[in-house]
Amino acid sequence: MGILNTLPPWALTFIGVLLLVLGLSFVYKGWSAAVLGRCYYWSGFLPITLISPWLIHLPPGENSLIKKKEGLLCHMIIGPLFFLTSIFCLLFGADFVGLPGSDTINLILAAGDRSKPQAIIYSPPANYRWPIVARAGQQIDKIFQTKIYEDPSKSMLPGEHGTQQNAQDQYAH
């Protein structure tokens, strides 16, 4: 976000308002996809088709390549991704306009406890630090490095584990 630091304050405010409007649009699109199970996509060139639900914000016109998709894909994947996109748009937009966007997100992520460390640190005009990513990475690493106890009596192979010869001897008799 280095280029945003060089913009005049009125430009940041304008970008913030655009991001707030875009965030509200994504909230509506997320509700439409997650609850109603429908979203719009462009049925043209495939790489653009994959990202087209994020680019379409107005209803399609007559004789358009924009189609409506309904189903579990919208309920389970597209809707939550729209909500996640809206959170980031609203966060950045609120901070650029001068509203407490990152403070609100920190309060929500800390479940109202202001004594917990901040998840997102914002310093004007457009500098962000994400300590939540480092903490989450440590927790995920701890989960994946934990060894699971395996009861030897519940083994699928008899005898020594990992030897192909013991398994072949049992089936040969």
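Hydrogens, waters and symmetry mates play no part in the numbers below; they use all other heavy atoms, side chains included. Because the structure is predicted, anything quoted here is derived from the model rather than measured.
Clustering ILVMFWY residues whenever any of their side-chain heavy atoms sit less than 4.5 angstrom apart, transitively, puts I87 in the very cluster that holds Y122. Under a hydrophobic-cluster definition in which Ile, Leu, Val, Met, Phe, Trp and Tyr are linked whenever side-chain heavy atoms come within less than 4.5 Å, directly or via other members, F88 and I121 are assigned to different clusters. Linking ILVMFWY residues whenever their side-chain heavy atoms come closer than 4.5 Å, directly or via other members, places L65 and F45 in the same cluster. M76 and I78 end up in the same hydrophobic cluster when Ile, Leu, Val, Met, Phe, Trp and Tyr side chains are linked at under 4.5 Å. No path of Ile, Leu, Val, Met, Phe, Trp and Tyr side chains, each step under 4.5 Å between heavy atoms, connects L24 with F82, placing them in separate hydrophobic clusters.
Here the shortest heavy-atom pairing between L109 and A119 reads CD1-CB, 3.7 Å. Heavy atoms only, all atoms of each residue included: G23 and S86 are closest at O-CB, 3.4 Å.
In this structure the side chain of S32 reaches within 4.5 angstrom of the side chain of R38, judged on heavy atoms. Under the 4.5 Å side-chain criterion, counting only non-hydrogen atoms from C-beta, I66 is not in contact with S43. Between W31 and V27, every side-chain heavy-atom pair lies at or beyond the 4.5 Å cut-off. Proximity of L90 to L19: side-chain heavy atoms (C-beta onward) are nowhere separated by under 4.5 Å. Inter-residue side-chain proximity for L91 and S102 is flagged as met; some heavy-atom pair is nearer than 4.5 Å. Two residues are said to be in side-chain contact when any heavy atoms from C-beta on lie closer than 4.5 Å; W54 and T85 meet this criterion. Contact annotation: the side chain of H57 approaches that of L22 to within less than 4.5 Å [non-hydrogen atoms, C-beta and beyond]. Using a 4.5 Å heavy-atom threshold, the side chains of R129 and Q118 count as separate.
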- Message: Run I77 and L72 through side chain to side chain contact (heavy atoms under 4.5 Å, CB included) and show every step you take.
- Response: CA-CA 8 Å; I77 297 173; L72 283 178; over 6 Å; no
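Considering CD1 of I132 and CD1 of I120, their distance stands at 6.5 Å, rounded to 0.5 Å. The structure places CG of L18 at 11.0 Å from OG1 of T13, a figure rounded to the nearest 0.5 Å. Taking NZ from K67 and CD1 from I56, the interatomic distance works out to 11.0 Å, rounded to the nearest 0.5 Å. Between the CG atom of L46 and the CG atom of L50 there is a distance of 4.5 Å, given to the nearest 0.5 Å. The SG atom of C74 lies 11.0 Å from the CG atom of L81; values are rounded to the nearest 0.5 Å. With values rounded to the nearest 0.5 angstrom, D113 atom CG is found 9.0 Å from L107 atom CG.
For the side-chain contact (heavy atoms from CB on, under 4.5 Å) criterion with W42, the lone passing option out of P60, P53, S64, S52 is S52.
Annotation: R135, atom CZ; neighbour count of heavy atoms from other residues, nucleotides and ligands within 6.0 Å is above 12.
For F92 and Y128, the ring centers sit closer than 6.0 Å to each other.
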